[in-house]
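Okay, so here's the structure we're looking at.
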Amino acid sequence: MIILSGGTGTPKLIDGLRQLLPDEEMTVIVNTGEDIWSSEVFISPDIDTVLYLFAGILDKNKWWSITGDTYNTYNQMKELGRFEILMLGDRDRAVNLVRTDMLKKGLTLTEATAEISESFGIRAGIIPMSDDVVTSMIETPGGQMHFQEFWVTHKGMPDVLSFEYRGIGEARLSPAAKEALEKDDCVIIGPSNPMTSIGPILALPEIKEILKTKKVIAVSPIIGKEAVSGPAGKLMAAKGLDVSSKGVAELYKDFIDIFVYDIRDGVLNPEEIEKMGIKAVALDTMMTDEEKRMNLAKEILMLFR
Ligand code: GDP
Ligand code: FO1
């Protein structure tokens, strides 16, 4: 099973899948468009969320960071007048320092991720979408800024004029991701931000053509006219897209077979999805507890049969 993931919605679904499938049967291709350098450390938030999930140490209240982590370094830096964009925990920082060291020694992000995964005893495949640097940059009336600056520093408040995946023109799909896709016919596009999590993965060369040859099930991160959380709605609107599950399905229509939307969605007319040649399935996609995560995962696995 291949899963395309960002850092919040899809990891919840993976958490459900883990209750049903052995980890070694899952390969997660992860967005790197939100990666950022901070205090000489290269932070890859979405990869880390997936790593910590499989390592059993993810803080599932926030869906980022290590549970019970301390913030001594972050707080000391602050006292010294160094304000870091991301409030990075001490243990989290250790992982990111190890990654940064590996990258400086010449390892690719794919290799560094595999080594860290192995150190954690993780049996799932965790593969960055690319070894090239791609960065989601948000254009606001106050100027262009990194996604993390927009989302964390400015709390997603500025108006969004547009956004771009800086570096996408030169970026390639990670060869390991391509190899994993060659070996597996089933792909889940999780309920992640279609603009800044799934968007960068799909903007890489070759991936859409590969997906056309697979059985692909996508889960909507939008219910009604709003994202379950995060800035997906605002970013979709900035691109002139309809903020709705239909808008998400439009983005994926060329390569998905089944589109899962929420049973609470009072806006979506499933016939409009079926008209695109896609099967529409209504499920309870609100993964607020372990049981709900497992139930959604179970229903999705049944759709692959
Ligand atoms: P990000 O990197 O933090 O933006 O993380 P993701 O892209 O993985 O996830 C954010 C998206 O997941 C948002 O658009 C949310 O609407 C969606 N999301 C979060 N939790 C859930 C959930 O329980 N169900 C569904 N359907 N979507 C969710
Ligand atoms: N999100 C926040 O809203 N505030 C933070 O201080 C913060 C710190 C942080 C540190 C490490 C990490 O891996 C993620 C962190 N996040 C934080 C989440 C992050 O900004 C985004 O939610 C992810 O990029 C979403 O994929």
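In this chain, numbering begins with 1 at the start of the sequence shown. Source: prediction; values computed, not measured. We count ligands from 1, going down the list as the structure has it; atoms in each ligand are counted the same way.
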Taking only non-hydrogen atoms of Asp46 and a 4.0 Å limit, the atoms of ligand 1 in range are 2 (O)

Cation-aromatic face contact Lys239/Phe163, 6.0 Å, 45 degrees:
yes

Please say whether more than 12 non-hydrogen atoms of neighbouring residues, nucleotides or ligands are located less than 6.0 Å from CD in Glu24.
yes

Number the atoms of ligand 1 from 1 as they appear, then name those within less than 4.0 Å of a heavy atom of Glu34, with their elements.
2 (O)

Would you say Asp262 touches ligand 1, if touching means a heavy atom closer than 4.0 Å?
no

Decide whether an N or O pair under 3.5 Å exists between Pro194 and ligand 1.
no

Separation between CD of Glu164 and CD of Glu139, rounded to the nearest 0.5 Å:
7.5 Å

To the nearest 0.5 Å, tell me how far Asp15 CG sits from Leu296 CG.
11.5 Å

Any chance CZ of Arg166 has more than 12 other-residue heavy atoms, nucleotides or ligands included, within less than 6.0 Å?
no

Sorted by chain and number, sequence neighbours left out, side chain to side chain donor-acceptor pair (under 3.5 Å) with Arg82 holds for none

With the threshold set at 4.0 Å, does a side-chain nitrogen-carboxylate oxygen contact exist between Arg264 and Asp284?
yes

Salt-bridge criterion met for Lys275 and Glu272 (N-O under 4.0 Å)
no

Could you pull out the N/O contacts under 3.5 angstrom between ligand 2 and the surrounding protein atoms?
from     : atom 1 : to     : atom 2 : distance (Å)
ligand 2 : 6 (O)  : Met87  : N      : 3.0
ligand 2 : 20 (O) : Gln148 : OE1    : 2.7
ligand 2 : 24 (O) : Glu34  : OE1    : 2.6
ligand 2 : 24 (O) : Gln148 : NE2    : 2.9
ligand 2 : 26 (O) : Glu34  : OE1    : 2.7
ligand 2 : 26 (O) : Asp46  : OD1    : 2.3

Record the part of Ser192 in heavy-atom contact with ligand 1 below 4.0 Å; permitted values are side chain, backbone, both and neither.
both

Which of the listed options, Gly9, Ser229, Gly230, holds the heavy atom that is closest to atom 14 (O) of ligand 1?
Ser229

Asp101 and its salt bridge (Lys or Arg N to Asp or Glu O under 4.0 Å) partner, picked from Arg99, Lys105, Lys104
Lys105

Could you tell me how the ring of Tyr74 sits relative to the ring of Tyr71: parallel (under 30°), tilted (30 to 60°) or perpendicular (over 60°)?
perpendicular

Contact check: Thr196 vs ligand 1, nitrogen or oxygen atoms, below 3.5 angstrom
no

Could you tell me whether Met287 and ligand 1 have an N or O pair separated by under 3.5 Å?
yes

Hey, does Gly7 come in under 3.5 Å of ligand 1, counting only N/O atoms on both sides?
yes

Those atoms of ligand 1 less than 4.0 Å from some heavy atom in Ala232
14 (O)

What are the atoms of ligand 1, with element, lying closer than 4.0 Å to any heavy atom of Gly6?
8 (O)

Using 30° and 60° as the class limits, which term best fits the ring planes of Phe255 and Tyr252: parallel, tilted or perpendicular?
tilted

Among Gly16, Gly199, Pro221, which one has a heavy atom closest to atom 16 (O) of ligand 1?
Pro221

Using only heavy-atom distances, determine whether the side chains of Tyr52 and Asp59 contain a donor-acceptor pair under 3.5 Å.
no

Could you tell me whether Pro45 approaches ligand 1 through its side chain, its backbone, both or neither, with non-hydrogen atoms closer than 4.0 Å?
neither

